[in-house]
Amino acid sequence: MLLACILVTAPAGPAQTATGAPGEKPVWTNGNKTGLGTSATETSKVWFTLGENGALNEVYYPTIDRANTRDLELAVTDGHGFFEIESRDTDRAIQTPDPAALIFTQVNTSKSGRYRVRKTYITDPAGNTLLVRMRLTTLKGGPLRAFLYFDPALKNSGLRDHGSASGQTLITSKEGVACALAASPAFTAVSTGYAGRSDGLKELRSGSKLAHRYTDAPDGNVAQIAAMPASFNGGAPATIALGFGSNAGEAEAAAKASLKRGFDTARALYAAGWHKYIASLKTVEERYRRQYQMSAMVLKAHEDKTHRGAIAASLTIPWGNEVDASNEDVGGYHLVWSRDLYEVATAFIAIGDRAAAERALDYLFDTQQKPDGSFPQNSWLDGKPYWGSLQMDEVAYPLILAWQLGKTGKTTFEKHVKPAAEFVASHGPSTPQERWEEETGYSPSTIAAEIAGLICAAEIARINGDAAAQQRWTKTADEWARNLEKWTVTHTGPYAPRYYIRIAQHGKPDSGDPLEINNGGGTFDERAIVDAGFLELVRLGIRKPGDPLIVESLAVTDKIIQVKTPNGPGWYRYNHDGYGEKPDGRGYDETGVGRLWPIFAGERGEYEVAAGHDAHPYLDTMQRMANAGGMLSEQVWDRAESPKPWLKFGQGTGSATPLAWSNAQFVRLAVAIREHKAPEMPEVVYRHFNP
C-alpha cells in the first residue's frame, strides 16, 4: 500500500511520545456556522457544528455546554510537493439534501482545480457517535493521497488532553470523557501529536510525507492525523466515526458499533426521527416552508438531552477563532439565558411543540430560579450562574410564559410565580441591565416585560385565591404603565419632538445625562441613543400598534438605525453599538462596531401583523439573510465594503450563527402571518390595557 509507505518510514515499534509538548496555544473556531445537527432522539447525546471554512468545528458531548473538538478536515497531497488543506485551499459550498432533517453535505473544491471533497454529516441515533460519509474525487493532475486531520479539545479546553494512537484508531481522553476516531475502510496508519509541533501537517506541507509516527501525546494541545485508505484515494467513499464516552473504552466501542451498523442505516433512522418531528408541527405558507422547517429543527437541536428544557442561546463561541481555548470556563453562547429561552419557548408554542415549551418553563423554575425568586443573567446547564448581573426582564418573562402555558396550579404559584413577581415588584422598574446586558436604568423593553409579567402573575394569583397579591401586582403594573413615558420618552432629543430612547439611567429622559456604551462604543447624550425596544409594549399587549408615540418613535429608529441591505431592511440594536466585528474584520474583543441583527426584521414584522399590515417583506428579509445551510445569524454585515471575502453585505458575521433567538423569531413571524396575529401576545395583558 503506497499510502502506508509514505506515512510510516519504519515499522511500528514501542510507544513513541510526540515531541513539542504542549503544542501551540489553542483557540476556538469562528462563530459563523453553515450547519449543525444531532439526532431527534434523546439516546444520542452528540451535537456537531460545521464552519464556513468547510470543516467540522465544535462537537458537543454529553451536553450542549460541553465542546470537545475544534477541527476535522482533510489534507491532500500528491507525494511530490503538492499539499493543500480544506479550510485554507478550497472553495466551499454547503448543501441540505433533506429539507426535513438536519443532514448537511459540505462540498469543497480545490482552488487549484485538483480535487473535490464531499462530506455528509449525521449522528447515530443509536449511539454517541458522529458519522461522516466522505468522498474524494480527483479532477486533474494524477493520483492524490488524503490524510484526515483532527484537533480535539475535550471538556471546553484545548489543553490537558491525552492523545494516543492504537492500531487503526485515534483516542483522546481527559478525566471523565474520551473520544475515538475510526474509519471504514480502516485508516492505514495513525499518529498523535501536538498542534503545530508534531501533528503531521508541517511534515506533509514541506515534503508530502510523514517522517514520524507517534503513539502517545500526554497533557497538551493534542492534534492527530490518519492516513485514509487507498480505496478512498481512488474515489470510493469512506465512513468516519467519532465516538464518545466517559472513557477510552466506551468511546472506541461507540465508534466501532456505529461503523458496524453502517452509515446508510444510521442515516435512515436519523432522517426518520426528524421527519416525524416536522410532521407534528403547524404548517406555514409554502414559500417559507423550507426555512421554517430548518429553523424549527435548529431550535429543537439546541435543547439539551440530559437537562431537559435547557436550550442554549447558540452552539457557538462568537469570534471563537480569536478566543483562547486553554481554560474550561469559556462559555461562549452555549449557555442558557432566561430571555433567550423565553423567546424560543414562545416559538415552540407557536409552531405546535407545546411539550418543549413546558420543559423550558420547568427548567426555568426548577433549575435556574434562585431562592429569592430571581433568575441569573445566564447559567451553565446545571443552573450555576456564569455572568453575575441581574436583568429584570429575565425575571419577568417566566411569569408570562407560565400564564401562556396555563401553569397556574397552587405549587407553581407559591414556589415559583409568587417569589418572582414579588422580586419584580420590589426591584423594578429600573434594571441593573437591560436586554442588551450593558446599561442600568429605565428601559422601555424591560419595563414592558415587567408590566406584562406582573399582570400575568396577578391573574395566576386570582386563580389561586390570593387577592392581596393580585391587587398589589396589578396596582404596581398600572402605576408603571402610567409613568412609562415620563421615565423613557424624551421631549428634548435631537431627532423628533418626542420619542422613546434606549434607556434613561435615572428615569429622567430629558436630562441629557451622558451614557457610556458599555462595550467600547463611546459616551453620548442618552437622548441621542435609540433602539426599537419599545416595540415590546405592542408585542406584549400594553400599547396598541397605532399609539401615536409608538408610530413617531418608529420613524426615528427607521431614520437612525436602519440600513437597507441587498436582502432587505436591517436594524442595529442601537446607534453607536460597539458589539461586532472591527472595521478590519477581526472579532469583537471589548471594542468593535455593532452590526445589524436579523431579529429586528422579525420584531418589526410582528408589529406590522399586530397593526393589520402586510408583514411578508420582513419575513422575506429574514429568509434571505439565512446562509446556504439555512442558518440564521445573530448579526449580519452592514455595508457593501468588506475586509474579508466571507463577510458579505446582509449576510451573517462571525458572531453567532445560528442564534436560537433569530430562528425563533423567524418561525414565530411565519406563524403570525399565517394566523394574522402575534402568537406570543398574552391575552390577559392585552385585555387589561385595552378593555
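FYI, the numbering just counts along the sequence from 1. Everything numeric here is computed off the predicted structure, so don't read it as measured data. Just so it is clear, the values below take in all heavy atoms, side chains as well, and ignore hydrogens, waters and symmetry mates.
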Give the table of side-chain donor-acceptor pairs shorter than 3.5 Å for residues 677-686, with sequence neighbours excluded, one pair per line with atom names and distance.
residue, atom, partner, partner atom, Å
E680, OE2, R539, NH1, 3.0
E680, OE2, R668, NE, 3.4
E683, OE2, R687, NH1, 3.1

For the atom pair NZ (K370) and CZ (F423), what is the distance rounded to the nearest 0.5 Å? 8.0 Å
Before you tell me yes or no, could you show the steps for D353 and Y277 under side-chain hydrogen bond (donor to acceptor under 3.5 Å, both in side chains), namely the whole-Å CA-CA distance, both residues' side-chain angles and the distance that decides it to 0.1 Å? CA-CA 9 Å; D353 190 352; Y277 181 70; 2.7 Å; yes
The reported gap from OG in S633 to CE in M631 (rounded to nearest 0.5 angstrom) is 11.0 Å
Treating D466 as the side-chain partner and A469 as the backbone partner, does any N or O pair qualify as donor plus acceptor under 3.5 Å? yes
Scan side-chain atoms only and decide if K33 and T316 contain a donor-acceptor pair under the 3.5 Å cut-off. no
Any salt bridge linking E42 with R308? Criterion: basic side-chain nitrogen under 4.0 Å from a carboxylate oxygen. yes
Pair E328 + R66: basic N to acidic O under 4.0 Å: no
How long is the span from the CD atom in E608 to the CG atom in D614, to the nearest 0.5 Å? 8.5 Å
Does any N or O in the side chain of Q293 come within less than 3.5 Å of the main-chain N or O of I278, such that one atom is a donor and the other an acceptor? no
Please report the C-alpha distance between Y292 and I351 in whole Å, then the side-chain angles of each, then the deciding distance to 0.1 Å, and finally whether the side-chain contact (heavy atoms from CB on, under 4.5 Å) criterion is met. CA-CA 9 Å; Y292 172 79; I351 66 178; 3.3 Å; yes
Under 6.0 Å from the ring centre and within 45 degrees of the ring axis: does the NZ or CZ of K475 meet both conditions for the six-membered ring of W480? no
Can a donor-acceptor pair be found, under 3.5 Å and without considering hydrogens, that links the side chain of Q505 to the backbone of P514? yes
Under the side-chain hydrogen bond (donor to acceptor under 3.5 Å, both in side chains) criterion, do Q377 and E394 qualify, and how do the steps go? CA-CA 7 Å; Q377 180 180 357; E394 293 196 303; over 6 Å; no
At what distance, to the nearest 0.5 angstrom, does CG of L335 lie from NZ of K384? 11.5 Å
Just so I know, are the side chains of V417 and F365 near enough to count as touching, which here means a heavy-atom distance under 4.5 Å? yes
Would the distance check show the side chain of D304 and the main-chain N or O of G309 forming a donor-acceptor pair, the cut-off being under 3.5 Å? no
Check this for me: does any side-chain nitrogen of one of D366 and R359 sit under 4.0 Å from a carboxylate oxygen of the other? no
From the list T557, D558, T621, side chain to side chain donor-acceptor pair (under 3.5 Å) with R604 holds only for D558
What pairs of residues pass the ring pair (Phe, Tyr, Trp, His ring centres under 6.0 Å) test when at least one of them lies in residues 338-359, not counting sequence neighbours? Y342-Y397
Determine, for E536 against R543, whether the closest basic-nitrogen to carboxylate-oxygen distance falls under 4.0 angstrom. no
For residues S374 and D372, is any side-chain donor paired with an opposing acceptor at under 3.5 Å? yes
Look at E422 together with K418 and state whether they make a salt bridge at an N to O cut-off of under 4.0 Å. no
Would you say the side-chain atoms of E634 and Y333 include a donor-acceptor pair closer than 3.5 Å? yes
F524 vs L515 side-chain heavy atoms within contact, under 4.5 Å: no
Using the ring of each side chain (for Trp, its six-membered ring), is Y60 parallel, tilted or perpendicular to H334, with breaks at 30° and 60°? perpendicular
Evaluation steps, salt bridge (charged side-chain N to carboxylate O under 4.0 Å, His left out), between R289 and E286: CA-CA 5 Å; R289 181 171 64 89; E286 179 63 25; 3.1 Å; yes
Please confirm whether Y442 and W487 have ring centers closer than 6.0 angstrom. yes
Polar side-chain atom of D393 near backbone of R339 as donor-acceptor pair, under 3.5 Å: no
Does a salt bridge link K282 with E675, judged by any charged N lying under 4.0 Å from a carboxylate O? yes
K305 and side chain to side chain donor-acceptor pair (under 3.5 Å): which single residue from T63, T38, T41 fits? T38
For the NE2 atom of H688 and the CD1 atom of I455, what is their distance to the nearest 0.5 Å? 3.5 Å
Less than 3.5 Å apart, any donor N or O on the side chain of S379 or Q368 sitting next to an acceptor on the other? yes
Kindly indicate whether the side chain of E285, heavy atoms from C-beta on, has any atom under 4.5 Å from the side chain of I673. yes
Would you say K415 has more than 12 foreign heavy atoms packed within less than 6.0 Å of its NZ? no
If you define the side chain from C-beta out and look only at heavy atoms, does anything of T476 sit under 4.5 Å from T474? no
Quick one: sort the Y579 and W597 rings into parallel, tilted or perpendicular, breaks at 30° and 60°. tilted
Check this for me: does any side-chain nitrogen of one of R435 and E603 sit under 4.0 Å from a carboxylate oxygen of the other? yes
Contacts of type salt bridge (Lys or Arg N to Asp or Glu O under 4.0 Å), residue D513, not counting sequence neighbours: none
Once ring pair (Phe, Tyr, Trp, His ring centres under 6.0 Å) is applied, do any residues pair with W661, and if so which ones, sequence neighbours excluded? W436
Those residues at least two apart in sequence (or on a different chain) that pass side chain to side chain contact (heavy atoms under 4.5 Å, CB included) with T431 are M392, E434, T446
For residues 374-394, which residue pairs pass the ring pair (Phe, Tyr, Trp, His ring centres under 6.0 Å) check, not counting sequence neighbours? W337-W387, W380-Y386
Using 0.5 Å steps for rounding, measure from the OG atom of S314 to the CG atom of L36. 8.0 Å
Would you find a donor on one side and an acceptor on the other, under 3.5 Å apart, between the side chain of Y363 and the backbone of L381? yes
Can R354 and E358 be counted as an ion pair, charged N to O under 4.0 angstrom? yes
Between E343 and Q665, does any side-chain donor sit less than 3.5 Å from a side-chain acceptor? no
Tell me whether D531 is salt-bridged to R573, with the criterion being a basic N under 4.0 Å from an acidic carboxylate O. no
Side-chain contact, heavy-atom cut-off 4.5 Å: T490 with E526? no
Taking the side chain as every heavy atom from C-beta outward, state whether Y572 and D638 have any pair of such atoms under 4.5 Å apart. yes
Verify whether one side chain among R527 and T492 offers a donor that lies under 3.5 Å from an acceptor in the other. yes
Non-hydrogen side-chain atoms of I560 and Y574 separated by less than 4.5 Å: no
Scan Q433, E438, E439 and name whichever one has a side chain to side chain donor-acceptor pair (under 3.5 Å) with N518. E439
Any donor and acceptor pair, going by atom type alone, linking the side chain of Q369 with main-chain N or O of G373 inside 3.5 Å? yes
Heavy atoms of P62 and W47 approach each other most closely as O-CZ3, 3.6 Å
Can you find a heavy atom in the side chain of I311 that is under 4.5 Å from one in the side chain of V336? no
Side-chain donor or acceptor of H676 paired with backbone N/O of A672 under 3.5 Å: no
